[in-house]
Number of protein chains: 2
Amino acid sequence: MKINTKVRYGLRAMIEIAEKDNLTGILQKEIAEKQDIPLNYLDSIISGLRGAGLIINAGGKGSGYFIAKAPENISVYDIYRAFEADLTLVQCSCDANECLRSDYCPTKDYWFMLNKTIKDTMKATTLYQLLENKK
Amino acid sequence: MKINTKVRYGLRAMIEIAEKDNLTGILQKEIAEKQDIPLNYLDSIISGLRGAGLIINAGGKGSGYFIAKAPENISVYDIYRAFEADLTLVQCSCDANECLRSDYCPTKDYWFMLNKTIKDTMKATTLYQLLENKK
DNA sequence: TTGCATTCGACTAATTCAATAGAATTACTT
DNA sequence: AAGTAATTCTATTGAATTAGTCGAATGCAA
């Protein structure tokens, strides 16, 4: 049970992008420097965030990145989902065919509950709250 | 973010062991059959549970395994800990030296909170509750 | 002493993770 | 139009982890 680096870096990159005033975008290079993320690696992070519709690159080359929606409308889980499939702690709890004992297995419901708790917690915190917390 | 098979199998094995009447222990072979766990693999699971003090093998050969404490005193997290180190979603949140920006990083506190939520949830459910749920 | 149960450690195949490298593309600047 | 910096894409790598297997050693009991 670990949060992988893409999600961790992704969250940090989002904060960096969100913090920037909306007048000028922020360049990958600048994010990489401020957050100590290898530039080459960061581009796959940026690519994930862009694909998830969380950031946009307004114009071409030097325009930099902007946040795509208001920070209060972006949850940590949104960022998680930019890099990972829907959270599934154990396979059987989302796919009953996965396991023959599914009908009477008491662990299935438990893992499902834990899964929901984690997911709900990630959905409950927004980027806005993280930014407030920083001040 | 996955629960690995040792923890999953370990929980199922514990339920199997706890369900058995206290008069006779349960053999590895029996657990393996009832829970569809490869016998060879199960022995490392058993070893983990035994090492954590959750089960005991009373006598020698055919005596089988018994649960070491009352099911209401065994949490899911106890079983998790039989196979895994203390839950640490991200390294920096438990080791401030790990990261230079630790002092002002707003993600650190967030991951720490999520970490605690997950851990508390696993601590809050006991084996007893899972057995009740099965009935 | 034979057999079954248990225990231990080494090993492996497959997968995932984190990061790098290089090429291709884009579009601003002059 | 040419040069250049930024961006995007694809492929690759090395390390680590996971899930499981295998074989041998040990222990006890009939």
Side-chain angles (χ1 to χ4, degrees), chain A residues 1-13 17 20 24-66 80 82-85 87-92 98-99, chain B residues 1-13 17 20 24-52 55-66 80 82-85 87-92 98-99:
Chain A
M1 292 259 280
K2 292 281 174 193
I3 300 291
N4 68 26
T5 56
K6 290 214 174 190
V7 176
R8 283 191 292 116
Y9 287 174
L11 183 55
R12 277 160 51 191
I17 296 168
K20 185 87 181 188
T24 61
I26 185 168
L27 298 182
Q28 282 191 22
K29 201 172 128 187
E30 196 177 342
I31 300 170
E33 277 167 10
K34 287 198 179 171
Q35 291 288 338
D36 285 320
I37 300 170
L39 182 57
N40 287 331
Y41 194 39
L42 180 64
D43 84 36
S44 65
I45 312 285
I46 293 290
S47 165
L49 295 173
R50 193 167 30 88
L54 299 176
I55 57 174
I56 41 177
N57 183 332
K61 184 183 133 189
S63 62
Y65 290 93
F66 295 86
Y80 177 89
F83 305 103
E84 301 279 325
L87 181 63
T88 311
L89 285 183
V90 302
Q91 207 52 40
C92 64
E98 189 69 26
C99 177
Chain B
M1 292 257 282
K2 291 282 173 194
I3 301 290
N4 69 25
T5 57
K6 291 216 172 187
V7 176
R8 283 192 291 118
Y9 287 173
L11 183 55
R12 276 159 53 190
I17 295 168
K20 185 87 181 185
T24 61
I26 185 169
L27 299 182
Q28 282 191 23
K29 201 172 127 187
E30 197 178 341
I31 300 169
E33 278 167 9
K34 287 196 178 173
Q35 290 288 338
D36 286 320
I37 300 169
L39 182 56
N40 287 330
Y41 193 39
L42 181 64
D43 86 36
S44 65
I45 311 287
I46 292 291
S47 166
L49 294 172
R50 192 166 31 87
I55 58 173
I56 40 176
N57 181 333
K61 182 185 138 190
S63 63
Y65 290 92
F66 295 87
Y80 177 89
F83 305 102
E84 300 278 326
L87 181 64
T88 310
L89 284 185
V90 301
Q91 207 51 41
C92 64
E98 188 69 26
C99 178

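Just so it is clear, the model here is predicted, and its values are computed rather than measured. In what follows, chains are A, B, ... by sequence order, proteins preceding strands, each numbered from 1.
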| task | Take atom CD1 of A/Ile45 and atom C1' of C/dT20, then tell me their distance rounded to the nearest Å. | result | 14 Å
| message | Quick check: closest heavy atoms across B/Ala82 and B/Gly48, and the distance to 0.1 Å? | response | CB-O, 3.8 Å
| request: Identify the two heavy atoms, one from A/Ile46 and one from A/Ile55, that lie closest to each other, and give their separation to 0.1 Å. | output: O-CD1, 3.9 Å
| query | How close or far is atom C1' of D/dT26 from atom CG of B/Asp43, stated in whole angstroms? | reply | 13 Å
| Residues forming a ring pair (Phe, Tyr, Trp, His ring centres under 6.0 Å) with A/Tyr80, sequence neighbours excluded | A/Tyr77
| task | Would you mind reading off the distance between A/Ile37 atom CD1 and C/dT20 atom P, rounded to a whole angstrom? | result | 12 Å
| With sequence neighbours excluded, what pairs up with B/Thr5 under the side chain to side chain contact (heavy atoms under 4.5 Å, CB included) test? | B/Arg8, B/Tyr9, B/Tyr41
| Short side-chain N/O contact to C/dT7 OP1/OP2 from B/Arg50, under 4.0 Å | yes
| task | Please determine if a side-chain N or O atom of A/Gln28 lies less than 4.0 Å away from the OP1 or OP2 oxygen of D/dA5. | result | no
| field | A/Lys2 NZ - C/dA18 P separation (whole Å) | value | 11 Å
| side chain to side chain contact (heavy atoms under 4.5 Å, CB included) partners of A/Lys29, counting only residues at least two apart | A/Glu33
| field | Non-hydrogen atoms of B/Leu42 and B/Ala13 that approach each other most closely | value | CD1-CB, 4.4 Å
Look for any protein N or O under 3.5 Å of an N or O in nucleotides 14-21 of chain D and output each such pair with its distance, or none.
{"residue": "D/dA19", "atom": "OP1", "partner": "B/Thr5", "partner atom": "N", "Å": "3.3"}
{"residue": "D/dA19", "atom": "OP2", "partner": "B/Thr5", "partner atom": "N", "Å": "3.4"}
{"residue": "D/dA19", "atom": "OP2", "partner": "B/Thr5", "partner atom": "OG1", "Å": "3.4"}
{"residue": "D/dA19", "atom": "O5'", "partner": "B/Thr5", "partner atom": "OG1", "Å": "3.4"}

| field | Length of the line joining B/Ile26:CD1 and C/dC4:P, which is rounded to integer Å | value | 20 Å
| task | Just jot down the side chain to side chain contact (heavy atoms under 4.5 Å, CB included) partners of A/Asn4, sequence neighbours excluded, or say none. | result | A/Lys6, A/Val7, A/Glu84
| task | Whole angstrom is fine here: how far is it from CD1 in B/Ile46 over to P in C/dA5? | result | 14 Å
| query | What nucleotide, of C/dA5, D/dT7, C/dT7, holds the atom closest to the side chain of A/Leu27? | reply | D/dT7
| request: Find the distance B/Tyr65:OH to C/dC4:P and express it as a whole number of Å. | output: 18 Å
| query | Rounded to the nearest Å, what distance is computed from the CG atom of residue A/Asn57 to the C1' atom of nucleotide D/dA6? | reply | 9 Å
